[in-house]
Visitor: 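This is the structure I have questions about; it appears just below.
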Amino acid sequence: MSDGALSYFLYLYSLVYQALVPCPVPEQLPANTINRQQYLGKWYFKAAVSLREADIQKFKAMDNMLFSIEEKANDTLLLTGNMRLGDKCMNQTWTYYIYPERDDLELEGRPQRRSLLWSGKWANCSNCIIFQEVEPPLSQTDSVDSLNRFMLYARQGDVDPEVVTTFLKNSACHQMSASVRLPQTKEFCA
């Protein structure tokens, strides 16, 4: 009987605590209104979180990733990724479109995917940005998005480890407990 009472008390305590100390909420940076110039250049991938392991699984095999963002003509951004997978370097590019009526970015070839930008303040990092990718459920009967992950990027490769810890902690508060932090033990690919 005391185990049941303790469980009930802990459940009530967690509800009260959640009501009194809510999870911090990230600040969205609308893609159609931000000063894009300040986000151009190099970014180091630090960590990713999601509700499900499947959404972040591909990052677990990587040692490090370095991205570069360039602005092209007609509200178009080109993202070039240099990824280290073991001793091999892989390069990939993605094209994103910015539309005046939308607050997200559209990935070329994936119009159903929403790519949202969030302030790095959520990770207690003024030189960071958080990138979210969301895709709708695969069928109308599904209630869960088929993809929903947040990725933390920093301007420096050697950002304070507390930044990543804060990002993971704030994400876990929102039930995003699947996470990956890149080890960055090898040289970055160029």
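Here the structure is a predicted model, which means the values were calculated and not measured.
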Visitor: If the condition is side-chain hydrogen bond (donor to acceptor under 3.5 Å, both in side chains), which residues does Ser171 pass it with, not counting sequence neighbours?
Guide: none
Visitor: As an exercise, state the distance from CD of Gln112 to CG of Leu107, rounded to the nearest 0.5 Å.
Guide: 8.5 Å
Visitor: What's the separation between atom CE in Met151 and atom CZ in Phe67, rounded to the nearest 0.5 Å?
Guide: 8.0 Å
Visitor: For residues 115-122, run the donor-acceptor check on the side chains, cut-off 3.5 Å, and write out each pair with its distance to 0.1 Å, sequence neighbours left out.
Guide:
residue : atom : partner : partner atom : Å
Trp118  : NE1  : Gln132  : OE1          : 3.0
Ser119  : OG   : Lys121  : N            : 3.1
Trp122  : NE1  : Pro24   : O            : 2.9

Visitor: For residues 27-75, which residue pairs pass the disulfide (SG to SG under 2.5 Å) check, not counting sequence neighbours?
Guide: none
Visitor: Atom CD1 of Ile56 and atom CE of Met176: how far apart are they, to the nearest 0.5 Å?
Guide: 11.0 Å
Visitor: Can you sort out the partners of Phe188 under ring pair (Phe, Tyr, Trp, His ring centres under 6.0 Å), two or more places apart, ordered by chain and number?
Guide: Tyr44
Visitor: Apply side-chain contact (heavy atoms from CB on, under 4.5 Å) to Leu182 and Met65, showing your working.
Guide: CA-CA 8 Å; Leu182 298 189; Met65 291 191 281; 3.8 Å; yes
Visitor: Do side-chain atoms of Arg155 reach the backbone of Ile129 as a donor and acceptor pair under 3.5 angstrom?
Guide: no
Visitor: Taking only residues two or more places apart in sequence or in another chain, which ones pass side-chain hydrogen bond (donor to acceptor under 3.5 Å, both in side chains) with Arg102?
Guide: Asp104, Glu106
Visitor: Taking only residues at least two apart or on different chains, which pairs with a member in residues 57-66 satisfy salt bridge (charged side-chain N to carboxylate O under 4.0 Å, His left out)?
Guide: Glu53-Lys60
Visitor: Measure the acute angle between the ring planes of Trp43 and Tyr39, then classify it against the limits of 30° and 60° as parallel, tilted or perpendicular.
Guide: parallel
Visitor: Are the side chains of Thr76 and Ile98 in touch, meaning some heavy atoms are under 4.5 Å apart?
Guide: no
Visitor: According to a 4.5 Å side-chain heavy-atom criterion applied to Ile, Leu, Val, Met, Phe, Trp and Tyr, with indirect links allowed, do Ile69 and Leu105 form part of one hydrophobic cluster?
Guide: yes
Visitor: Which pairs of donor and acceptor atoms, one on a side chain in residues 156-168, lie under 3.5 Å apart (sequence neighbours left out)?
Guide:
residue : atom : partner : partner atom : Å
Asp160  : OD1  : Glu162  : N            : 3.0
Thr165  : OG1  : Pro161  : O            : 3.2
Thr166  : OG1  : Glu162  : O            : 2.9

Visitor: Only counting residues at least two apart or in another chain, list the ones meeting salt bridge (Lys or Arg N to Asp or Glu O under 4.0 Å) with Glu133.
Guide: Arg113, Arg149
Visitor: Output the distance between atom CZ (Phe131) and atom CG (Leu152), rounded to the nearest 0.5 Å.
Guide: 13.0 Å
Visitor: Just jot down the ring pair (Phe, Tyr, Trp, His ring centres under 6.0 Å) partners of Phe45, sequence neighbours excluded, or say none.
Guide: Phe59, Tyr153
Visitor: Identify the two heavy atoms, one from Lys42 and one from Leu66, that lie closest to each other, and give their separation to 0.1 Å.
Guide: CB-CD1, 4.2 Å
Visitor: Please set out all donor-acceptor pairs under 3.5 angstrom arising from side-chain atoms of residues 79-92, sequence neighbours excluded.
Guide:
residue : atom : partner : partner atom : Å
Arg84   : NE   : Glu187  : O            : 2.5
Arg84   : NH1  : Asp87   : O            : 3.4
Arg84   : NH2  : Glu187  : O            : 3.2
Asp87   : OD1  : Lys186  : NZ           : 3.1

Visitor: In terms of hydrophobic clustering (I, L, V, M, F, W, Y; side-chain heavy atoms under 4.5 Å; direct or indirect links), are Leu29 and Ile130 co-clustered?
Guide: no
Visitor: Going by disulfide (SG to SG under 2.5 Å), name the pairs with one or both residues in residues 90-131, residues two or more places apart or in two chains.
Guide: Cys125-Cys128
Visitor: Sorted by first residue and then second, give each side chain to side chain donor-acceptor pair (under 3.5 Å) pair with at least one member in residues 27-38; sequence neighbours left out.
Guide: Gln28-Asp103, Arg36-Glu71, Arg36-Asp75, Gln37-Glu71
Visitor: Is the closest side-chain donor-acceptor distance between Glu108 and Tyr97 under 3.5 Å?
Guide: yes
Visitor: Drop me the distance from Gln184's CD to Met62's CE, to the nearest 0.5 angstrom.
Guide: 13.0 Å
Visitor: Taking atom CG of Leu40 and atom OG of Ser68, what is their separation to the nearest 0.5 Å?
Guide: 8.5 Å
Visitor: Using side-chain heavy atoms (C-beta onward) and a distance below 4.5 Å, is Thr93 in contact with Leu78?
Guide: yes
